[in-house]
2 protein chains.
Amino acid sequence: MEKLNERKESILYAIIANYLETGEPVGSRTISKSSDLKLSSATIRNEMSDLEELGFLTSPHTSAGRIPTDKGYRFYVDHIISSKDREVLEVKDLMIAQNEKMEKFFKELVSYVAQNTQLPTVISAPSITKNRVKFVQLSNVDEDHILSVVVMDGNVVRNNVIKVLNPLSNDALLKLNILINTHLTGLTLQQINLGTISKIKEQAGEYADIIESVLNTVADTISDDDLEIYTSGATNIFKYPELSDSQNAIRFLTTFEDKEDLADLINDVQEDVAKSGTGLQVYIGDEAPIQTMKDCSLVTATYDLGDGVKGTIGIIGPKRMDYEKVMTNLNSLKNQIEKTLGRAEETRKNNGNAGDEKV
Amino acid sequence: MEKLNERKESILYAIIANYLETGEPVGSRTISKSSDLKLSSATIRNEMSDLEELGFLTSPHTSAGRIPTDKGYRFYVDHIISSKDREVLEVKDLMIAQNEKMEKFFKELVSYVAQNTQLPTVISAPSITKNRVKFVQLSNVDEDHILSVVVMDGNVVRNNVIKVLNPLSNDALLKLNILINTHLTGLTLQQINLGTISKIKEQAGEYADIIESVLNTVADTISDDDLEIYTSGATNIFKYPELSDSQNAIRFLTTFEDKEDLADLINDVQEDVAKSGTGLQVYIGDEAPIQTMKDCSLVTATYDLGDGVKGTIGIIGPKRMDYEKVMTNLNSLKNQIEKTLGRAEETRKNNGNAGDEKV
DNA sequence: GTTAGCACTCCAAAAACACGAGTGCTAACA
DNA sequence: TGTTAGCACTCGTGTTTTTGGAGTGCTAAC
């Protein structure tokens with residue numbers, strides 16, 4: 001990145017800061033008066049002209065002030081001093097609800113964050129793909145249905161009703177239960193491969209086909225790995241005129257309504273996180289891995305509970321959002337979640353009180 | 001309601017039909033030319049004047065055409081001849097997925113309907129409050145957690161992890177299982193009253209407290225009776241300029257995002273259905289039991305699978321929506337759902353293949 | 001009872017206008 | 001050489017004016 005002398009930096013900073021507040025193109029005179037550098041508007045004008053040439057600023061039309069380009073925003077974001085004494089969201093009230101359902105927790109969390117930031121917010125619940133099977137339980141529902149309940153590490157529970165052609169005796173069921181548990185317990189989803197499966201089937205003898213469908217269902221049920229997506233505050237975009245024209249609003253809201261698109265987005269983000277190693281990501285305009293958001297910025301925090309169990313909180317807003325506030329808050333949430341849920345992870349095997357989960 | 005002579009009816013009908021199509025105030029000349037009654041614009045004007053006096057029409061301003069009042073719409077809706085040979089939505093493709101999860105089914109259904117009607121759509125999954133308990137299964141997760149799985153009629157499954165203070169022996173667990181099942185099987189939620197509970201607790205002896213928490217959790221889990229709400233197509237309101245001004249759009253979208261509001265709405269609708277006895281309801285403007293929709297109409301179909309298991313499909317649109325199409329389609333969907341899911345209900349005990357459910 | 005004709009109303013879109021914020025440039029100044 | 005004052009010019013915004021047309025209500029004739 002180009003080097004800017006100190007004065008240019010200050011001016012650029014001042015311009016962007018002002019623009020973030022007002023959303024209006026900012027003129028030389030404003031900066032001359034507001035900033036603490038004692039410079040006339042003419043001087044500022046010259047510098048602005050330079051900054052425009054360098055690609056940090058642009059003007060919507062000849063006789064308007066300047067607004068930041070994406071490059072300008074990037075400069076700004078990269079220079080944010082990480083959270084001094086900004087007030088920070090506290091989720092401890094929410095965390096009390098920890099032994100309630102995850103689902104409920106995330107619903108509350110997402111609306112809490114959206115409420116506080118006044119921005120559209122999306123959260124993905126921790127994905128469990130690398131989680132281990134704790135135990136599987138099959139039971140008879142009626143003569144042609146059996147119920148399979150799979151409990152994963154973290155007490156995530158999934159269940160499914162399977163149709164069978166012939167009734168199973170309780171005895172047979174017991175045997176199948178033992179068989180399945182012997183082989184699956186402690187394995188992650190990835191580790192349950194064809195080898196394992198055929199071994200189990202072999203030992204199941206006449207019940208091989210049942211095993212087959214049980215295992216399929218188990219895999220199906222668990223690896224139903226569209227991320228669980230929670231959203232809130234979509235309509236907050238209307239607070240920003242620059243995103244409110246109906247064209248934009250429709251595109252945005254449509255994307256926000258489509259959980260699959262969002263899941264893709266989160267997946268992409270999580271890949272980036274894996275590469276970059278930092279949990280906090282800022283995407284400005286085109287940087288975001290989704291076209292419909294080229295006029296927005298996306299700030300994400302990916303929390304990691306270990307064992308590949310992770311989720312992401314994302315906040316979407318106009319490019320001129322209050323990055324500092326959003327970033328510090330997301331960072332704090334990330335830490336809090338990691339601490340609280342993570343601790344639960346740690347202690348679960350001893351005295352844990354981890355929540356329950358939806359199927 | 002006032003009697004209108006035949007000519008007035010035809011004219012009113014023609015005016016409304018035209019307005020539904022165009023969304024523009026309709027003038028006397030248009031009707032004079034388009035309708036098959038051979039009348040001059042002057043005559044039509046006189047009749048229109050009468051209709052305005054009678055409260056069926058109104059004009060936005062002196063020199064504009066006429067638009068229907070709510071009373072006009074009501075006249076129109078009440079006179080719709082029920083579905084001649086309109087094409088009708090077929091959900092059979094969707095129904096194939098019947099052995100998949102309900103949740104998935106409704107997600108697909110709601111987006112399918114929204115897609116086809118190009119209108120915001122809301123669906124409530126069948127509520128299960130009057131459903132019977134089929135069986136309950138407790139199992140040990142680890143030394144201080146037990147898992148309770150409750151299967152309801154219709155193979156609706158709910159599960160929850162309960163924390164216990166002292167580990168339970170498998171033996172004790174078995175006894176509890178038998179005890180609970182003996183007393184609860186076949187009961188609806190309403191039937192599980194204090195009497196039943198204290199009887200069970202008495203018999204549970206030293207495990208009374210566990211029973212207590214199990215029962216609580218069971219009740220909690222099941223009667224978590226915020227209706228399950230699915231929505232889709234919210235952004236379709238932007239297709240109608242009269243609803244697209246940002247004021248309106250924000251209010252509407254906010255309501256549509258808030259599942260609780262929608263649940264209330266559906267509850268109100270279901271009460272109306274109970275009173276009126278008909279599954280199909282049309283609310284025009286203020287008639288809808290929700291303020292934020294006073295500029296919209298709401299068409300609902302409530303399907304009833306018997307035993308108090310019912311759900312509602314609702315479509316929200318501008319007052320000038322294509323009522324005929326929407327009503328016939330909703331009616332058809334209602335019938336299809338009742339037939340398919342209802343049949344499953346019937347036959348479940350024999351050869352059913354009903355789906356599974358989320359917690 | 002129906003229709004042709006006409007004057008009148010009123011909105012919507014287009015055109016005309018004024019305003020002002022902001023720029024770039026030049027020339028003077030330290 | 002860097003800074004500043006001054007000025008002409010640009011261009012978007014908001015306001016007012018103008019115009020056109022669609023539609024009505026009324027009257028008078030059929």
Side-chain angles (χ1 to χ4, degrees), chain A residues 3-12 14-19 21-69 72 241-242 244-245, chain B residues 4-12 14-19 21-69 72 241-242 244-246:
Chain A
K3 292 186 205 102
L4 298 178
N5 62 41
E6 199 169 333
R7 195 171 76 176
K8 277 198 171 49
E9 280 204 4
S10 317
I11 293 177
L12 180 51
I15 293 172
I16 299 184
N18 186 291
Y19 182 71
E21 256 183 59
T22 65
E24 301 287 316
V26 9
S28 51
R29 198 139 174 285
T30 320
I31 299 301
S32 162
K33 282 196 295 186
S34 73
S35 84
D36 38 0
L37 334 117
K38 295 289 173 212
L39 291 172
S40 80
S41 65
T43 313
I44 306 282
R45 270 206 291 288
N46 290 331
E47 295 288 22
M48 279 167 115
S49 190
D50 290 355
L51 286 168
E52 175 157 9
E53 211 161 308
L54 290 170
F56 291 98
L57 295 177
T58 185
S59 44
H61 58 266
T62 4
S63 69
R66 302 296 209 296
I67 62 176
T69 60
E242 66 263 46
S244 297
D245 66 295
Chain B
L4 297 178
N5 62 42
E6 198 169 334
R7 197 172 76 175
K8 276 197 172 49
E9 281 205 5
S10 318
I11 292 176
L12 180 50
I15 292 171
I16 299 183
N18 185 291
Y19 181 71
E21 256 184 59
T22 66
E24 300 289 317
V26 7
S28 52
R29 198 139 175 286
T30 319
I31 298 301
S32 162
K33 282 197 296 185
S34 72
S35 83
D36 37 0
L37 334 117
K38 295 289 174 212
L39 291 173
S40 80
S41 65
T43 314
I44 307 281
R45 269 206 294 285
N46 290 330
E47 296 287 22
M48 279 166 116
S49 190
D50 291 354
L51 287 168
E52 177 158 7
E53 210 161 309
L54 289 169
F56 291 99
L57 295 177
T58 185
S59 45
H61 57 267
T62 5
S63 69
R66 302 297 209 294
I67 62 176
T69 60
E242 66 263 47
S244 297
D245 67 296
S246 58

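Since the structure is predicted, the reported quantities are computational estimates derived from the model, not experimental observations.
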Quick one: CG on Leu51(B) to OG1 on Thr69(B), what's the gap to the nearest 0.5 Å? 10.0 Å
Test item: Asp50(B) and Glu47(B) side chains (from C-beta on) under 4.5 Å apart, heavy atoms: yes
Whole angstrom value for the distance that separates P of dA22(D) from NZ of Lys33(B): 10 Å
Here the distance between atom P of dT1(D) and atom CG of Asn5(A), to the nearest Å, is 17 Å
Output for pair (Ile15(A) CD1, Ser28(A) OG), nearest 0.5 Å, gives 9.0 Å
For a quick test of your reading: what N or O donor-acceptor pairs under 3.5 Å do the side chains of residues 52-63 of chain B make, sequence neighbours left out?
{"unit_1": "Glu52(B)", "atom_1": "OE1", "unit_2": "Arg66(B)", "atom_2": "NE", "d": "2.5"}
{"unit_1": "Glu52(B)", "atom_1": "OE1", "unit_2": "Arg66(B)", "atom_2": "NH2", "d": "2.9"}

Assign each of Pro60(B) and Ser40(B) to its nearest nucleotide of DNA chain C by heavy atoms, then name whichever residue's nucleotide is nearer the 5' end. Ser40(B)
Salt bridge (Lys or Arg N to Asp or Glu O under 4.0 Å) partners of residues 23-46 of chain B, not counting sequence neighbours, each pair once: none
Check step by step if side-chain contact (heavy atoms from CB on, under 4.5 Å) holds for Val26(B) and Thr22(B). CA-CA 9 Å; Val26(B) 7; Thr22(B) 66; 5.5 Å; no
What is the distance from CG of Leu51(A) to P of dG22(C), rounded to the nearest Å? 17 Å
Results of salt bridge (Lys or Arg N to Asp or Glu O under 4.0 Å) for Glu242(B) - residues two or more places apart only: Arg320(B)
Starting at CD1 of Ile44(A) and ending at P of dG22(C), how long is that distance when rounded to a whole Å? 13 Å
Between CD of Glu47(A) and C1' of dT3(D) the distance, given in whole Å, is 11 Å
Where DNA chain D forms runs of at least three Watson-Crick or G-U pairs (i with j, i+1 with j-1, under 3.5 Å), the stems are C:1-30 with D:1-30
From CZ of Arg7(B) over to P of dT3(C), roughly how many Å is that when rounded to an integer? 8 Å
Between C1' on dT4(D) and NZ on Lys38(A), what's the gap in Å once rounded to a whole number? 16 Å
With sequence neighbours excluded, what pairs up with Glu9(A) under the side chain to side chain contact (heavy atoms under 4.5 Å, CB included) test? Leu4(A), Phe75(A), His79(A)
Looking at Leu39(A), is its backbone amide N or carbonyl O close enough to the side chain of Thr43(A) to form a donor-acceptor pair, meaning the two atoms are under 3.5 Å apart? no
Rounded to whole Å, the CD1-C1' distance (Ile31(A) to dA21(C)) equals 15 Å
Counting primed atoms, P, OP1 and OP2 as sugar-phosphate and everything else as base, the B/S/- map of nucleotides 23-30 of chain D against protein heavy atoms under 4.0 Å is SBBB----
